[in-house]
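These notes concern the structure reproduced below.
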Amino acid sequence: MGSYQVLARKWRPHDFETIVGQEHVVTALTRALTEKRLHHAYLFTGTRGVGKTTISRIFAKALNCQGVDGQGDMTAHPCGVCDACRAIDEGRFPDYIEMDAASNRSVEDMTALLERSIYAPTHGRFKVYMIDEVHMLTTTAFNAMLKTLEEPPEYVKFILATTDPQKVPVTVLSRCLQFNLRNMQPAAIVKHMEGILTEEKIGFETGALDLIAQGARGSMRDGLSLLDQAIAYCGGDVKEEPVRRMLGMSDADTISRLLDGLLAGDAEGLVSVADAMLVEGISFAQTLRDLAGAFHKLALAQRVPSALPQDEDGRRLAAFLPRFTPEEIQLFYQISLHARNELSLAPDDYAGFTMALLRMLAFKPAGDRVGAKVPEKAPVVATPAPAPAPAPKKADGINTVGKSSGLPPIDAPDATPPGIGMGGDAAPSLGGAPSLSGTPDEETPPWGE
């Protein structure tokens, strides 16, 4: 009895023409193969499930393809039927070596690999070494491979793959041609899944595939794994509502009720929505992500009206456009992002979600909009400016400033305070201290007596 093969493996591309979403990499490699201008080392970077390993296998087949008649040369269009192509697809070609650097990361593992590279290929035209997750190698392992990576034998090609290129030493990067594989667009994932389900003769709803593409987060492999799960969960045809429950995604009605509650300042209504989500098993983290996505679309549509999608979701959000102020949208978007990141710190997801909603109400900008139900901003009372001080007046050449305080005028002849005279007689001795004139007072006893 044959075993079931998962969709991600069954529908793995076997040539450059069937690769989805990586046209920039495919174009560069096919032209290099056609013109026979091949580099000796390639580095593929990108998140999981975007085709790094798949492209390396197709590239190895292109280098070693023998053609249908066994007389072919390397080509950008491997035949897929010769011994080399079939052996690479089945993982048994001796001159295509895949090494997982996450589990073989020591300098001893690298040294053993490089020692075998000096021998000529046994079955193929080239020896192809594919090192996956290369950033996991130790520093000494990287150093051990530098010389061979820079000047390998003419029949050796290196393909390095990593999800974290920042951890790859610059000395390695400089020896490779680097290709950054892009995340898959949801539309491309949906189109690919539609083709697969049509070939598999399985019914589907486009809305369900849209949800799966959103859950894939740019990874085709994750999308096909979710599609496998959805087929099993739905028991056949892939329907939107079962897929939504499977993924724990909030529906359009839940988001609309949350937006209405935030506009009305209805804390009780918001908590009741959270209670219903808890009963239905809807993911609070996913709902915060969906809420942030709704605020993002609203913010774009307020500044660029044409950015609002012309679908059911866009028409639903269009009703909220005149009801939210730009300040509220920016605030609620920021709170949604922070709350999602802080869910792991909350007592539980329900507490973190409800606190996020209450935080939106607590920091909601005050205003006079009907139904806001938030404290109004206190009116600003203008404080009268102090009266300017009267300009100084002079009478008979004497400045009169200071007379109101009882002090003598500055220019008056008797303005010198007592005891601050210039002569010795004008300043009486205080406490036996020497006179200001510098002449010792005869009646003052000597210091220290």
Side-chain angles (χ1 to χ4, degrees), residues 5-39 42-93 95-96 98 124-126 128 130 132 157 159 161 177-202 204 209 212-213 216 218-225 227-228:
Q5 190 175 24
V6 298
L7 296 178
R9 294 183 59 190
K10 182 178 180 180
W11 292 95
R12 181 193 291 269
H14 295 287
D15 52 46
F16 288 121
E17 287 76 14
T18 54
I19 292 178
V20 179
Q22 308 298 344
E23 290 79 9
H24 62 298
V25 178
V26 170
T27 300
L29 293 179
T30 53
R31 287 179 179 172
L33 287 164
T34 301
E35 300 173 6
K36 293 182 171 54
R37 298 174 60 90
L38 299 175
H39 202 270
Y42 296 85
L43 176 65
F44 296 146
T45 66
T47 187
R48 79 262 175 252
V50 295
K52 299 185 295 296
T53 304
T54 297
I55 292 178
S56 72
R57 290 180 181 178
I58 297 174
F59 189 57
K61 288 196 297 183
L63 291 173
N64 291 290
C65 180
Q66 300 166 357
V68 179
D69 57 358
Q71 304 297 321
D73 195 2
M74 63 179 178
T75 174
H77 308 283
C79 66
V81 297
C82 66
D83 291 341
C85 289
R86 287 189 290 106
I88 292 175
D89 283 335
E90 296 169 6
R92 55 180 178 81
F93 191 63
D95 294 322
Y96 176 68
E98 285 190 6
R125 195 174 295 112
F126 291 92
V128 181
M130 195 278 180
D132 199 9
K157 303 294 180 185
I159 300 177
L177 285 186
Q178 183 172 346
F179 294 97
N180 183 26
L181 277 66
R182 301 166 183 161
N183 284 1
M184 297 292 177
Q185 294 299 316
I189 297 177
V190 170
K191 184 178 179 180
H192 189 57
M193 289 191 296
E194 287 176 348
I196 291 175
L197 292 176
T198 302
E199 292 292 329
E200 296 282 338
K201 295 181 173 55
I202 298 175
F204 62 89
L209 302 186
I212 293 174
S219 170
M220 183 66 77
R221 184 176 63 231
D222 288 3
L224 295 181
S225 297
L227 182 60
D228 255 327

Exercise: identify the closest heavy-atom pair between [X] and [Y]:
X	Y	value
Ala213	Pro186	CB-O, 3.7 Å
Phe16	Ala76	CD1-O, 3.3 Å
His192	Trp11	NE2-O, 4.3 Å
Arg86	Gly80	CG-O, 3.7 Å
Gly49	Ser219	CA-OG, 3.4 Å
Pro13	Thr54	O-CG2, 3.6 Å

Would a 4.5 Å heavy-atom cut-off, applied to side chains only, mark [X] and [Y] as touching?
X	Y	answer
Thr53	Phe44	no
Phe179	Leu29	yes
Lys191	Val20	no
Leu227	Leu209	yes
Leu33	Leu63	yes
Val128	Asn64	yes
Ile58	Val26	no
Met130	Arg57	no

[atom1] ([X]) with more than 12 external heavy atoms under 6.0 Å:
X	atom1	value
Glu17	CD	yes
Arg92	CZ	yes
Arg48	CZ	yes

Mark yes or no for whether [X], through its side chain, and [Y], through its backbone, hold a donor-acceptor pair below 3.5 Å.
X	Y	answer
Arg37	Ala32	no
Lys52	Leu181	no
His24	Asn180	yes
Thr18	Asp15	yes

Please determine whether a side-chain nitrogen of the Lys or Arg among [X] and [Y] lies less than 4.0 Å from a carboxylate oxygen of the Asp or Glu.
X	Y	value
Asp95	Arg125	no
Lys10	Glu200	yes
Arg12	Asp89	no

Distance, nearest 0.5 Å, that separates [atom1] of [X] from [atom2] of [Y]:
X	Y	atom1	atom2	answer
Asp69	Cys82	CG	SG	10.0 Å
Met193	Met220	CE	CE	8.0 Å
Leu7	Glu199	CG	CD	12.5 Å
Ile88	His14	CD1	NE2	12.5 Å
Gln66	Cys85	CD	SG	8.0 Å

ask   = Will you find, in the side chains of Ser225 and Asp222, an N or O donor that is under 3.5 Å from an N or O acceptor?
value = no

key: Between Ser56 and Tyr42: side-chain donor-acceptor atoms closer than 3.5 Å   = no

request  = Using the test side-chain contact (heavy atoms from CB on, under 4.5 Å), find all partners of Thr47 that sit at least two apart in sequence or belong to another chain.
outcome  = Val50, Asn183

